[in-house]
Amino acid sequence: MGDILDVAIVGGGPAGMTAAIYIARTGKSVKIFERIGAGGQAALTDNIENYPGFDEGINGFDLSDKMRKQVERLGGSFEFDSVESFTQDPTSKIYTFKTGVGNEYQAKVLLITTGTTPKKLGVKGEDKFFGRGIGTCAICDGAFYKGKVVAVIGGGNSALEESLYLANLASKVYIVHRRDEFRAEHYVQQQIQEKKNIEFLLDTVVEEFVGDQKINKCIFKNVKDNTIFEKDIDGVFLYVGLDPNTTIIDSKYKDEQGFIKIDADNKINEHGLFAAGDCCVDSRKQVIIACGEGAKTSYTIGDYLNSL
Ligand code: NAP
């Protein structure tokens, strides 16, 4: 176990990295614990068009990598490992936790910026073919479907934006949505209309994913007239919403869906436990907002550290 960190940040997405940038600049020691790679969901986005300053948009991985370098240049550090649980000494108020590989750390403050994970549908065949034709990351797996037929499930920004990306690779993209109106922003819906190889299956839900070693067919149901129909499909991308990554946090601090409840200053409690970004109740799930929340929280954390 090394020195006691001023701040340990669990989760290396935009909220965590922005907080680290601000905290490092105050001269406090700060380390980010991230189990996969810098950027979280944002790093898996092909083109982020609404982050100010990049007039042509920016690839999510590139933006995340720039943030990571900025954290490191300013004196923050990363450990690419998970944190599953933590304890706090009631007297010293110091947090202690172990990472997945068994390294032990202590910190005066814990900031939870663990983000979200894409939801699954819970239909027949989904678990069997997950990772074998069914996935949640077009930018990771899209290249496997060059010239093939894919289905994208969902009608939000993720589904439509990733369909645009997939339409440049696949021969055909079905967008399968349970209603006849999309919740994705108007701007994205307009771009979708221009793609000749995108076809909508509206008022439609998945009944079953079918295949052998890999998925090769989807069985759908039209929810208006209850007709069942099928399509030959080589790959499926699920964009049906996001679950918070908050198992580390006690249920008394979470809402029914598992999002973390925080006050206006991003405090979970009065004892040095903070949260910011997409894992929090009512977060807007925008990179710019996660960054703003991370920056805001750094000030509250500074006040807490000064009060010790
Ligand atoms: P989302 O906005 O929650 O949309 C999920 C979609 O999946 C909805 O269309 C929903 O249908 C559908 N759905 C949910 N459960 C379903 C089920 N069991 N069966 C079939 N369909 C189901 O999720 P998201 O697109 O991942 O976006 C999450 C958040 O990130 C949003 O706040 C979004 O604005 C934000 N985001 C922003 C950007 C951007 O700014 N560029 C990009 C990506 C994501 P209904 O519409 O009928 O509920």
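Both ligands and their constituent atoms are indexed starting at 1 by order of listing. Because only heavy atoms are used, hydrogens play no part in the values below, and waters and symmetry mates are left out as well, while side chains stay in. Heads up: numbering here begins at 1 and tracks the sequence.
- Among Glu162, Glu49, Gln286, Arg178, the residue whose heavy atom sits closest to atom 15 (N) of ligand 1 is Arg178.
- For atom 34 (O) of ligand 1, the closest heavy atom belonging to the protein is Asn157 ND2, 3.1 Å.
- Residue Phe86 forms a ring pair (Phe, Tyr, Trp, His ring centres under 6.0 Å) with just one option from Tyr95, Phe97, Tyr105, and that option is Tyr95.
- No single ILVMFWY cluster, assembled from side-chain heavy atoms under 4.5 Å apart, contains both Ile94 and Leu305.
- Of all atoms in ligand 1, listed by their number and element, those nearer than 4.0 Å to a heavy atom of Tyr239 are 5 (C), 6 (C), 7 (O).
- Contacts with ligand 1 closer than 4.0 Å are made by no heavy atom of Phe182, backbone or side chain.
- Listed by number with element, the atoms of ligand 1 under 4.0 Å from a non-hydrogen atom of Arg284 are 32 (O).
- A donor-acceptor contact closer than 3.5 angstrom is absent between the side chains of Thr227 and Asn222.
- The backbone N or O of Leu164 lies less than 3.5 Å from no partner atom in the side chain of Gln191, so there is not a single donor-acceptor pair.
- Within the 4.0 Å heavy-atom cutoff, Gln41 does not count among the residues contacting ligand 1.
- Other residues, nucleotides and ligands contribute over 12 non-hydrogen atoms within 6.0 Å of the NZ atom of Lys93.
- The nearest protein atom to atom 29 (C) of ligand 1, hydrogens excluded, is given as Lys285 CB, 3.6 Å; this is a heavy-atom distance.
- Geometrically, ligand 1 and Gly155 share a nitrogen or oxygen pair separated by less than 3.5 Å.
- Residue contacts with ligand 1 include Leu242, since one or more of its heavy atoms lies under 4.0 Å from the ligand.
- Closest to atom 4 (O) of ligand 1 by heavy atom, among Glu161, Glu185, Arg183, is Arg183.
- Only the side chain of Asn50 comes within 4.0 Å of ligand 1, counting heavy atoms alone; its backbone N, CA, C and O stay farther away.
- Between Phe54 and Tyr51, the two ring planes are tilted [angle within 30° to 60°].
- Within the 3.5 Å criterion, the main-chain N or O of Pro90 finds no donor-acceptor partner in the side chain of Gln88.
- Between the choices Val240, Thr45, Leu121, the shortest heavy-atom distance to atom 19 (N) of ligand 1 belongs to Leu121.
- Annotation for ligand 1: atoms under 4.0 Å from non-hydrogen atoms of Gly241 are 3 (O), 5 (C), 23 (O).
- No heavy atom of Lys119 sits closer than 4.0 Å to any atom of ligand 1.
- In this structure, Phe182 has its ring center closer than 6.0 angstrom to the ring center of Phe200.
- Closest to atom 25 (O) of ligand 1, if we only count protein heavy atoms, is Ser158 N, 3.0 Å.
- Residues Lys69 and Asp65 are paired through a salt bridge, judged by an N-O separation under 4.0 Å between the basic side chain and the carboxylate.
- Residue contact check: Gly154 has heavy atoms under 4.0 Å from atoms 7 (O) of ligand 1.
- Between the side chain of Asn197 and the backbone N or O of Ala167, at least one donor-acceptor pair lies under 3.5 Å.
- Taking a cut-off of under 4.0 Å to the non-hydrogen atoms of Arg179, the atoms of ligand 1 that pass are 45 (P), 46 (O), 47 (O).
- Put simply, the side chain of Ser171 gets close to the backbone of Gly147: a donor and an acceptor are under 3.5 Å apart.
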